[in-house]
There are 2 protein chains.
Amino acid sequence: MFPKLPVRIAVLCLVAGAFAVTFFFHHPKAALAADSTAPAYTTNGELLPPTNYREWIYLTSGVDMSYSPKAPGMQSHSSFDNVFVNPAAYRSFLATGTWPDKTVMVLEAREARNKGSINQDGHFQAGGVMDLEVHVKDEARFPGKWAFFSFNPAGGNGTLFPQTANCYSCHTAHAAVDTTFVQFYPTLLPIAQSKGTLSAEFLKDEAAAGK
Amino acid sequence: MFPKLPVRIAVLCLVAGAFAVTFFFHHPKAALAADSTAPAYTTNGELLPPTNYREWIYLTSGVDMSYSPKAPGMQSHSSFDNVFVNPAAYRSFLATGTWPDKTVMVLEAREARNKGSINQDGHFQAGGVMDLEVHVKDEARFPGKWAFFSFNPAGGNGTLFPQTANCYSCHTAHAAVDTTFVQFYPTLLPIAQSKGTLSAEFLKDEAAAGK
């Protein structure tokens, strides 16, 4: 697990508007998996883990991303975040520049290792999933249409982040498209630009940054 | 483009055993694209660019990876490498732990940007494709069964690396499975381990490193 879990969860929550799942290769029996890419829930509101998100559409990776300046001594380990989206939502985005109902975005974190095999510099991905979060669009179910869920990579269902969590307010205030951080998805940002679906909040941020 | 292209090409060639393609969103008319995921060639031996590799199976990303120690002043820009493989080859690997004939692996490089939007630390991916390489398994066509091709991201077909290029010898000497760097693909390495398909050369490297 991450050495500083609250910080890590906050970062993941903010990073990409994505997120969740038991890593099926390592935990085949960990949970009753959803059969398709549509979000499915338990009776008490937990999200069932999508089992095959590594076969969905890849959107981007980041390394050690943070929305706060780096504090001295805060970064003891490096990690990658990989973001995936269900294929139907991706195809809809290509056509419209925004996300349809039932979009599921998954963010997984993996160790960024420096030395290993013949690698001498930079970082590669190694080992199992360290953190998993899911960002789900389910318009009839959630007040703001979207919700974040956090999964324990060791298995089990996803726990809902309450609507008061700062991931919601930050995504609303800064995300490029429909509360998702499309500004960090290099193949989707040009589509949103051409379709005119960038959020007013994002355009305001960019204008303030002189872009 | 990369500031030090020969170095960059060498690194890409080594990094992942992957590689190539015109980025279809940006260059829809750049080349006569292959219709399927199978490799296709021009009459003079160039490789046609796979057009939709971003919808293939994602394997991993690295950042600033190098198989040589970092030299002072050598790294003026950071970049990510993303690796994709055609879905049929991926499914075969899940079943067998190695690659079938007609496997196509694509490596694309994108800028690793530090500041942008609300990001303050670490790196995210931004902009178009900076470099593209493809690693193709075509048993009847290439002496060592595999070949590397380099693409100009601005468009056009892929140029074959001659069999004397050091990517071939390095992949043969150090790659974990069938001349591909599965040691850097975190979801595939456990499969190769369980299927017993790790190369003798890789196991020798690991033993020498005390693993």
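Letters A, B, ... mirror the listed sequences (proteins, then strands); counts begin at 1.
Side chain of B:T103 to main chain of B:V85: no donor-acceptor pair is present (N/O by atom type, distance under 3.5 Å, no hydrogens or angles). Side chain of B:N119 to backbone of B:N114: a donor-acceptor contact under 3.5 angstrom is found.
Here A:Y58 is the residue among A:F124, A:Y58, A:W56 with the most heavy-atom pairs under 4.5 Å with chain B. In terms of heavy-atom pairs under 4.5 angstrom with chain B, the leader among A:S61, A:A126, A:A209 is A:S61.
Residues A:Y185 and B:Q125 bring no donor and acceptor atom of their side chains to less than 3.5 Å of each other.
For B:L59, the part lying under 4.5 angstrom from a heavy atom of chain A is the backbone only. Looking at B:E206, only its side chain comes within 4.5 Å of chain A, counting heavy atoms on both sides.
Atom CZ of residue B:F161 and atom OH of residue B:Y168 lie 7.5 Å apart, to the nearest 0.5 angstrom.
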